[in-house]
Each structure stands twice: as C-alpha cells, then as structure tokens.
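The next block holds one structure in the form of structure tokens; read it before the comments.
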Protein chains: 2
Amino acid sequence: MLENNDNIIQSVDRAFKILDVFNLKEKELGVTEIANRLGLHKSTVFGLLRTLEYWGCVEQNQTTGKYRLGLKLFELGNRVIEGFDLRGLALPFLQDLVERYRETVHLVVHDRGEVVYIEKAEGPSTIRMYSQVGHRAPMHCTGVGKAILAFRSKQDIDTVIRTKGLQPFSPNTITDSRRLHEELSIIRREGYSFDNEEIEIGLRCVAAPIMDNNSKVIAAISIAGPSMRMTDEQMQNLIVPVKETAFKISQRIGYSPLS
Amino acid sequence: MLENNDNIIQSVDRAFKILDVFNLKEKELGVTEIANRLGLHKSTVFGLLRTLEYWGCVEQNQTTGKYRLGLKLFELGNRVIEGFDLRGLALPFLQDLVERYRETVHLVVHDRGEVVYIEKAEGPSTIRMYSQVGHRAPMHCTGVGKAILAFRSKQDIDTVIRTKGLQPFSPNTITDSRRLHEELSIIRREGYSFDNEEIEIGLRCVAAPIMDNNSKVIAAISIAGPSMRMTDEQMQNLIVPVKETAFKISQRIGYSPLS
DNA sequence: ACTTCTGTTCTATAATGTCAAACAGCGTTT
DNA sequence: AAACGCTGTTTGACATTATAGAACAGAAGT
C-alpha cells in the first residue's frame with residue numbers, strides 16, 4: 001500500500017494528472033481548462049499534451065481544438081488484464097448466475113485499497129444498477145470490497161482504513177472502524193458478505209470471495225439489484241448460489257479447498 | 001496523422017516507452033532488464049518506475065522485485081471508450097451474427113493508421129481465430145481495415161500507406177499501392193470487403209463499414225473464420241448479413257441513409 | 001472593428017531529471 | 001565460508017531539460 005509521494009518525477013506525474021482529469025462528465029477539455037484545473041501554466045500543459053498526443057494517449061478534436069483520451073490507453077489497459085485468465089474464465093459463471101436470478105453480476109479485484117470492476121454480466125430488467133467495467137469503488141461500503149478485505153491481515157485492513165478512510169456514502173455506511181472489524185470477522189466466518197444499501201440507498205447485494213491456487217483471496221463476485229426486488233428473503237436465497245459460483249470460479253483458477 | 005516527433009518531453013516519453021515494453025510474452029520485467037532494452041541507465045528507469053508505481057500504472061511483484069502493468073491503466077483505458085456508446089450498442093448485433101453463422105465477429109475503430117479491436121463475440125468452434133480486445137492490426141491487410149480505409153479521402157489513404165507501409169504478412173497481402181487503391185475503389189462501390197488470407201494464411205473474413213450520423217465511416221465489423229469453413233460460397237453468403245448488421249448498427253448510432 | 005477568448009510558438013532561466021558510482025540484499029560459485 | 005555476480009535501491013553533482021511568461025495567430029462574440 002503505497003503512501004509516500006516523494007521522489008516523483010514531476011513531468012510524468014503531471015502527465016498522469018492530465019489524463020486523470022478526463023472523465024465521463026468531461027470527455028473533452030481544452031488546454032487552458034486543464035491548466036486552470038491543475039494550477040499549471042497552459043504552455044506547460046500544452047507541452048505535456050503534445051507528448052501524450054504523440055503517444056496516442058490523447059487526441060485532439062480537430063474542429064474544437066479540445067482534447068480527449070486516446071485509444072493507446074485502451075490498448076495499454078487491455079494489456080494489463082490479457083493473459084490474466086480470471087476474467088475470461090469467470091464470465092460464463094457470471095452469465096449463468098444472471099440467467100438464474102436476473103440481476104446484474106460483477107467481478108472485481110483489489111487494487112491499492114479499492115476494488116476495480118473487471119467484468120460484468122447485466123441482468124434483463126430495465127431497472128438496473130449503473131456500473132462500468134474499469135471503475136473503482138471503496139472497499140468498506142461494497143459487498144465485494146468487504147468480501148476481499150475480510151480475508152486480508154489485520155494490518156492490511158487497518159492500512160486501508162487509515163489511507164482511504166471510512167467515508168459515508170449513505171446512512172447505512174459503516175463509518176466506525178471497530179464496527180467494520182466486527183463485520184469483517186463475521187464475513188470471514190460465513191464466507192459471504194452483504195451490502196445493505198451501504199454505498200447507495202436502494203441498492204443491495206450479496207457477494208463472495210474468490211481464491212487462487214494459494215488459497216489467497218484475489219477477487220470477488222456480487223449479485224446486485226434494487227432493494228425492491230432484493231428483499232431479505234431474496235438475499236438469503238442468493239447466499240448459496242453466490243458462494244457456489246465463487247467457489248466454482250476459484251476451482252477453475254486452481255484453488256483447492258484442501259490445501 | 002501525427003508524424004513529427006519533436007518537442008516531446010523526454011521523461012514522459014520514456015515513461016510510456018517503459019509501459020510499452022510490457023506485453024503478453026513479457027508480463028514481468030526487472031529494472032535492469034528494461035534499462036537494457038531501452039538503452040537507459042537503470043537508475044533513470046527506476047525513477048520513472050517509481051512514479052508509474054505511485055500512479056498504479058505498474059506494480060511490483062514483492063517476491064521477485066520485478067514490475068508488471070498496473071490496474072490504473074485498465075481504469076484509464078476503459079474511461080476512453082465509456083460513454084462511447086458504439087461498443088455497447090453494437091454488442092447485441094454482433095452476438096446475433098455469431099449465433100446465426102457460428103464464427104467470431106469483431107468490432108473495430110480506426111486510430112492513427114491502424115485498427116483497434118474494441119469488441120468481439122466469439123464463435124462456438126474450438127478452432128477459432130486468436131484475437132484480443134485492445135489489440136491493433138494494420139489496415140491494408142485486414143477486412144475491417146480496408147472497409148474503413150476505403151471511405152477516407154485519397155490523401156488520407158496515401159498518408160496511411162506512406163507512414164505505415166504495405167508490409168507483407170502473407171503471400172496474399174496487397175503490397176502494391178496501386179493495387180490497394182483499386183481494391184479500395186471496389187470496396188467503396190460494393191460496401192463490403194474481404195480478407196482473403198491477407199494477414200494470415202488460413203484466415204478469411206467478410207467486413208463492412210459502420211457510419212455515424214454524419215455518414216462518416218467510423219468503425220467496421222467483420223466475421224472471420226478458418227478457410228476450411230469460410231469457403232467461397234460461404235463468403236458470398238455472408239456479404240448480405242454482414243452489410244445488414246453494419247447497417248443496423250449504423251442506424252442505431254444515428255446514421256440515416258438519406259442525409 | 002474591437003475585445004476576449006482559444007491553441008500555439010518562442011526563448012531565457014533555473015529547476016529538474018539524469019547519470020555514475022556506491023549501497024544493500026540475495027544466490028551461486030569458488 | 002568468503003568472494004563474486006547479480007538484483008533493486010539510494011545518493012549527490014551536474015548540465016540537460018522542463019518550465020513559465022510573454023508574444024502570436026486565429027476564431028468567436030460583442
């Protein structure tokens with residue numbers, strides 16, 4: 001869990017700061033706009049953008065002169081998880097779960113104190129949760145986050161709490177460190193976790209961890225839906241199928257319950 | 001089509017050079033290894049890696065000390081195409097095509113003189129073409145590349161030929177500029193393209209371009225398979241369905257044949 | 001026609017990234 | 001068991017290199 005921010009190469013750091021200001025809401029930004037937002041001079045930003053453009057990490061809208069993210073990033077991003085068989089191996093299992101319970105299923109991995117969505121299978125309902133592969137979410141208020149966190153060392157858990165905090169996202173978010181530790185302890189014992197509207201009111205899910213061949217928890221899956229459909233009874237019904245699916249995926253990537 | 005490589009910020013350029021040396025074959029590389037490959041001093045590489053690690057673009061294998069690509073790149077990469085509805089909108093149409101003809105279908109876009117695979121739907125056969133979302137391919141020897149190139153200006157076509165060349169990938173690759181122009185002219189007239197083992201012996205495909213609301217060709221789809229199954233007759237059979245599917249996707253993103 | 005934005009170019013300066021050498025830790029070899 | 005050769009890492013001095021400010025060019029708005 002990286003914490004120091006010394007000895008960072010300024011121009012490279014700034015280049016990534018630039019890439020990071022682009023998001024769904026602001027897909028296209030001008031030189032001046034970026035400069036203001038980052039508190040840099042526009043000619044500095046321009047030079048960085050030129051380099052990023054040379055690499056294809058940003059591209060310029062020829063009519064407006066503004067910049068947007070480029071496909072080189074897509075290429076690099078996909079290279080990260082290719083050969084990383086988890087994603088491809090898991091997909092059929094996720095789809096099977098969707099088919100049986102008609103709610104959206106996600107696969108996430110842990111990265112630097114957060115979870116990253118690496119695959120999803122969407123349910124058929126018109127009312128569905130919004131989510132996007134590649135997005136990040138906090139660990140303390142998601143089913144998948146808690147499922148993964150529960151199986152890390154106490155020290156790791158405390159590092160996450162300390163560096164990321166326990167920001168409240170809804171009235172149900174666990175914001176007390178002691179409470180979180182208690183909850184994680186239960187999850188560790190039961191092998192599954194709930195998200196009871198902890199990140200967003202109206203959204204509930206059931207999640208379970210995925211283990212690799214060293215019995216290390218490396219990922220998690222969840223099935224999520226609106227509280228209207230995810231009744232207490234339905235949540236209970238989902239525990240076994242979610243755990244079973246997570247178990248099948250674990251086995252598929254080499255996990256053996258004996259070792 | 002970017003050609004100059006002046007005024008590039010050295011450290012940023014080097015940072016991306018580092019990211020770019022990682023690939024499927026070499027997922028983990030050491031500091032010294034990278035330094036040798038790029039002809040840089042290892043402490044320079046180390047400093048850049050530290051910055052990349054700070055950003056989560058690389059991460060270190062704690063046991064071997066080697067580095068690999070990090071999930072931040074996956075996050076940025078997905079951000080490039082999110083909101084870019086083409087991908088999500090096209091998927092059901094691609095799946096429909098796969099279901100009917102049982103061969104792998106791809107969706108690509110043009111980027112800097114190459115095509116980038118942004119979505120695929122795989123056929124059921126055990127013998128299937130290897131492909132990976134995020135990968136790039138040349139335009140002159142792929143069905144999708146030619147389908148897109150055909151609808152660009154003569155000047156654009158010549159720029160691609162000049163900057164990327166007409167490298168032969170198989171005995172069937174078109175390596176003569178005049179021949180390519182002729183072929184593109186036919187594709188422009190007919191509205192579809194073939195790849196007749198031009199990138200790889202044994203691989204054939206049928207492709208068609210996708211238009212946006214300004215009638216501009218922005219993408220292409222293809223259905224590909226081994227020559228054994230992709231007989232001349234089958235290729236002919238596929239022309240109409242592929243064109244129709246491309247047309248449906250085009251309409252879905254706002255294309256209107258009248259305008 | 002004037003102002004006020006934009007993205008871009010240029011240049012002097014000093015801050016910054018770079019390189020070389022030294023360090024520390026691990027395995028293998030002698 | 002000591003010396004070697006290999007890692008990744010730290011340090012510090014130097015000059016390369018990124019930076020910021022001003023000036024430019026073009027578009028859009030007034």
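Letters A, B, ... mirror the listed sequences (proteins, then strands); counts begin at 1.
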Closest listed nucleotide, where the reference is the side chain of A:Lys42 and the choices are D:dT19, D:dT9, C:dG7: C:dG7

side-chain N/O A:Gln10 vs D:dA18 OP1/OP2, d < 4.0 Å: no

B:His106 ring center within less than 6.0 Å of B:Tyr117 ring center: yes

Gap between atoms CD1 and P, on A:Ile9 and C:dA15 respectively (whole Å): 18 Å

Per A:Ser43 side chain, nearest of listed nucleotides D:dT10, C:dG7, D:dA22: D:dA22

Sub-4.5 Å side-chain heavy-atom contact between B:Arg14 and B:Leu38: no

Parallel, tilted or perpendicular: ring planes of B:His140 versus B:Phe169, cut at 30 and 60 degrees: tilted

Distance in angstrom units between A:Lys66 NZ and D:dA28 P, rounded: 13 Å

Atom-pair distance (OH on B:Tyr67; P on D:dG8), nearest Å: 8 Å

Rounded interatomic separation in angstrom, taking CZ from A:Arg50 and P from D:dT17: 16 Å

Integer-rounded Å distance: C:dT6 C1' and A:Asn36 CG: 12 Å

Distance, rounded to the nearest Å, where B:Leu49 contributes CG and C:dG17 contributes P: 15 Å

5' precedence on DNA chain C between B:Leu40 and A:Glu33 (nearest-nucleotide basis): A:Glu33

Distance test, side-chain N/O of A:Arg14 to OP1/OP2 of D:dA18, below 4.0 Å: no

Nearest-Å distance for atom pair CG/P, residues B:Asn7 and C:dG7: 18 Å

Closest-nucleotide 5' rank along DNA chain C - winner of A:Gln60 and A:Ser11: A:Gln60

Candidate pair B:Arg152 and B:Val160, rule side-chain contact (heavy atoms from CB on, under 4.5 Å), full reasoning: CA-CA 10 Å; B:Arg152 301 208 82 104; B:Val160 171; over 6 Å; no

Geometric class of the A:Phe16/B:Phe16 ring pair [parallel <30°, tilted 30-60°, perpendicular >60°]: tilted

Closest nucleotide among C:dT9, C:dG17, C:dG7 to the A:Thr32 side chain: C:dG7

Whole-Å gap separating C1' (D:dG8) and CG (B:Leu48): 15 Å

